Number of protein chains: 2
Amino acid sequence: MIRVLVADDHNLFRDGLTRILDSQPDIEVIASVDSGEAAVARAAEIQPDVFLLDVNMPGIGGVGAIRELREINPQARILMLTVSESEEDLFTAVRSGARGYLLKDASTNQLVDAIQRIHAGEAVLNPLMAAKLLDQFAALPKALQPTPEMEELTTREQQILHLLTHGLSNKELGKELAISPYTVKAHLRHILEKLNLRSRVEAAAWAVRHGLTKPPV
Amino acid sequence: MIRVLVADDHNLFRDGLTRILDSQPDIEVIASVDSGEAAVARAAEIQPDVFLLDVNMPGIGGVGAIRELREINPQARILMLTVSESEEDLFTAVRSGARGYLLKDASTNQLVDAIQRIHAGEAVLNPLMAAKLLDQFAALPKALQPTPEMEELTTREQQILHLLTHGLSNKELGKELAISPYTVKAHLRHILEKLNLRSRVEAAAWAVRHGLTKPPV
DNA sequence: ATTTATATAGTCCAAATGGACTATATAAGC
DNA sequence: GCTTATATAGTCCATTTGGACTATATAAAT
């Protein structure tokens, strides 16, 4: 049984959704709310398997609720429903961790299928939105996957490279890592040699391009 | 009529595909080849609307052909077919410009629908592969979309920021843009002020994070 | 046991950087 | 006509950076 929370500020639409889903043998709507805030408020208590969130709701909306919902309930899957084709919402939702993004003109079958797939760990995108996402993906600067070079860097060097992307000077780096700025300089030199770069500026750009950006310290 | 080129090194599979597609009222297989190289060779001459490419073929394979095909025929859409769930191939294909990625266990209906959608500018992803893609997307460092701040930068400032990500010094920047290094410095100062950054290092990282990376000069 | 890699710390020195200024020409907006 | 933004170019000066070195302690590899 897939336990679903539905969030939509249009009562009629929400009730219609609930009836459709409840009529499915393997889906159960266990909560029905009219805002992102309400979804967050009830998430901890009822632990749904899937959140079905409308994008446009008063307050934080569906997109604004995603991160919190995932913190509260990391294994839950999130499916967005929307009328608009805003790229902004799409990207934010996907980056926040949504696993599905459908327009409200989807058929009943598509919606039910999407919920089942998302529950199974797959992802479902409306083909129009998928196109926007792929365009964005294709426009990405470079790899962002681990590269051979990256593995040649020691953890210390990676640390320094990471902090470098936040603009720290050698002195600041030294303070941050509790080592002498001279040592920082030595590490930096090794980094430049290993990656064949000419300056800390290029090194910072390289680091960002290769996804070496854990949360700022 | 959607004009399709099919590339697959398994004769039986390719012929089966061709029959299925030709039986559709709006689809016409205008070429059928057994390698990525052959697809590239015929692309210019026959100008298909959609390329249906197998991923695993001897030689450059389907993925390796994408970039060349798109150079020859930029408005053509590319749909990949594969048996494997290799993330490597998926990412490369999408980054190269593929607009669809289906596993070979897809149904006839799904394939036909995918071709139609892709031809219409939409994108179609197998839900399993879509999940991998979304995970990757969610792991991206940051925005990469134009931000309000970016629009405040003048074209000159954006130029400089862009070159900065390749590690150029003020002197080099000046030479590249045929202006005095002092002027470069002035622009740089304005950039730092506008974006509220402290150094060119931070500026370079900012630029990469926000996708300010047109092809290196 | 010896080599190699890593992390540490330093010196000397030329070049680059960034901040605080000044200044001019041009184009756009009001 | 006046103001503002942009692009240009400069000075002075303290700080930072990067290159070329040296040096030590520790841990892992052979």
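Throughout, protein chains are lettered first and strands after them, A, B, ... in sequence-line order, and every chain is numbered starting at 1. These numbers come from a predicted model, not from an experiment.
In this structure, A:Glu37 contributes its side chain and A:Gly59 its backbone to no donor-acceptor pair below 3.5 Å. Between the side chain of B:Thr183 and the backbone N or O of B:Ile179, no donor-acceptor pair lies under 3.5 Å. Within the 3.5 Å criterion, the main-chain N or O of A:Ile46 finds a donor-acceptor partner in the side chain of A:Arg3.
Using a 4.0 Å heavy-atom cutoff across all strands shown, A:His190 reaches no nucleic acid atom at all. Heavy atoms of B:Ser180 sit under 4.0 angstrom from primed sugar atoms or phosphate atoms, though from no base atom. Note on B:Ser169: only backbone sugar-phosphate atoms sit closer than 4.0 angstrom, heavy atoms only; bases stay farther off. Across all strands shown, B:Lys185 has heavy atoms under 4.0 Å from base atoms, whether or not it also approaches the sugar-phosphate.
In this structure, A:Trp206 and A:His210 have parallel ring planes: the angle between them is below the 30° cut-off, well short of the 60° mark.
The CZ-P distance, from B:Arg189 to D:dT11, rounds to 14 Å in whole Å. Nucleotide C:dA20 holds its C1' atom 14 Å from the CG atom of B:Leu192, rounded to whole Å. B:Glu172 places its CD atom 12 Å from the C1' atom of C:dA15, with the value rounded to the nearest Å. As a whole-Å value, the separation of A:Ile160 CD1 from C:dT6 P is 13 Å. Between A:Leu168 atom CG and D:dT16 atom P the separation is 12 Å, expressed in whole Å. If you measure from atom CG of B:Asn170 to atom C1' of D:dT11, you get 16 Å, rounded to the nearest angstrom. Nucleotide D:dG18 holds its P atom 15 Å from the NZ atom of B:Lys171, rounded to whole Å. Atom CG of B:Leu188 is separated from atom P of D:dA7 by 13 Å (rounded to the nearest Å).
A donor atom on one side chain and an acceptor atom on the other are found under 3.5 Å apart for B:Asn73 and B:Gln75.
A sub-4.0 Å separation between OP1 or OP2 of C:dT11 and a side-chain N or O of A:Tyr182 is present. OP1 or OP2 of D:dT8 lies within a sub-4.0 Å distance of a side-chain N or O belonging to B:His187. Put simply, B:Thr154 has a side-chain N or O that comes within less than 4.0 Å of OP1 or OP2 on D:dA7. The phosphate of C:dA16 (OP1 or OP2) has no side-chain N or O of A:Arg200 nearer than 4.0 angstrom. Applying the 4.0 Å criterion to OP1 and OP2 of D:dA7, one finds that B:Thr183 has every side-chain N and O outside that range.
Of the candidates B:Ile66, B:Val63, B:Ile118, B:Ile78 forms a side chain to side chain contact (heavy atoms under 4.5 Å, CB included) with just one, namely B:Ile66.
Using five terminal pairs a side, the axes of the helix from C:dA1-D:dT30 to C:dC30-D:dG1 at its two ends make an angle of 50°, given in steps of 10 degrees.
With rounding to the nearest 0.5 angstrom, the CD1 atom of A:Ile2 is 5.0 Å from the NE2 atom of A:His119.
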